[in-house]
Amino acid sequence: MLVMAQESRLPLLNALESCGIEVLPVCDCKEAQQMLETHPLVQAVVTDTTLPDGDWRRVLEIVDQSCRKIEVVVCLRLGDPKLWLDVLEQGGYDVLVEPFTHNEVRRIVEAAAAKSTAISHKRMQQAL
C-alpha cells in the first residue's frame, strides 16, 4: 500500500509498478486505515512523511492498531539521518530517499514485504 497525496506519488508509484510491485494507492491516513480493514493481503506500507490528515507516525499507529505485523517504509524528500533514526526507533522498517531508484525501491519494499510475510507465517504456526 502506498500512502501519499495524489499529486506527490507519481514518481514512486511508477518506480514500484515498474518493479512489478502491486500497489494499492491511498491519499491519507483515513484511507490507509480503511484499506487495511478491507484488504488482508497488504504486505508492506510505504508512506510519505507528511499527509493531509497526519504523518508517518500516524500511519505506524494505524498499522499497529490493525493487529497485523506489516512493515512500514517512510519516504523522505531529502536524506535526513536524524529522521531516518527516528523512523527506525519508532518501529519503521526503513526509509526511501528521493530521487527514487528502481533498484533501491525494489530492494527495500520487497525486503519489508518478506519480513512482514515471515512474521505472519510464524504467528500462524504458533497459533496452531
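Quick note: numbers below take in every heavy atom, side chains included, and nothing from hydrogens, waters or symmetry partners. Small disclaimer: the values here were computed from a predicted structure and weren't measured.
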I would like to know whether Arg57 and Asp86 meet salt bridge (charged side-chain N to carboxylate O under 4.0 Å, His left out); could you show each step before the answer? CA-CA 10 Å; Arg57 289 177 187 88; Asp86 195 22; 2.5 Å; yes
Please determine which of Val72, Val73, Leu60 meets the side chain to side chain contact (heavy atoms under 4.5 Å, CB included) test together with Thr47. Val72
Are the side chain of Arg77 and the backbone N or O of Val97 linked by a donor-acceptor pair below 3.5 Å? no
Any donor-acceptor N/O pair, Asp48 side chain to Leu51 backbone, under 3.5 Å: no
May I ask you to decide if Leu36's main-chain N or O and Arg68's side chain share a donor-acceptor pair within less than 3.5 Å? yes
Can Lys30 and Asp28 be said to form a salt bridge (charged side-chain N to carboxylate O under 4.0 Å, His left out), step by step? CA-CA 6 Å; Lys30 182 179 178 181; Asp28 56 31; over 6 Å; no
What is the minimum heavy-atom distance between Ile108 and Tyr93, and which atoms define it? O-CE2, 3.9 Å
Separation of Ser18 OG from His102 NE2 (nearest 0.5 Å): 4.0 Å
Does Glu17 offer a backbone N or O that forms a donor-acceptor pair with the side chain of Asn14 under 3.5 Å? no
Has the side chain of Thr38 got a donor or acceptor atom that lies under 3.5 Å from a matching backbone atom of Gln34? yes
Could you tell me the separation between the CG atom of Asp55 and the OG1 atom of Thr49, rounded to the nearest 0.5 Å? 8.0 Å
Is the number of heavy atoms from other residues, nucleotides or ligands under 6.0 Å of Glu22 CD greater than 12? no
Taking it one step at a time, do Glu71 and Lys69 satisfy salt bridge (charged side-chain N to carboxylate O under 4.0 Å, His left out)? CA-CA 7 Å; Glu71 296 298 334; Lys69 183 59 182 158; 3.6 Å; yes
Are the side chain of Ser116 and the backbone N or O of Gln43 linked by a donor-acceptor pair below 3.5 Å? yes
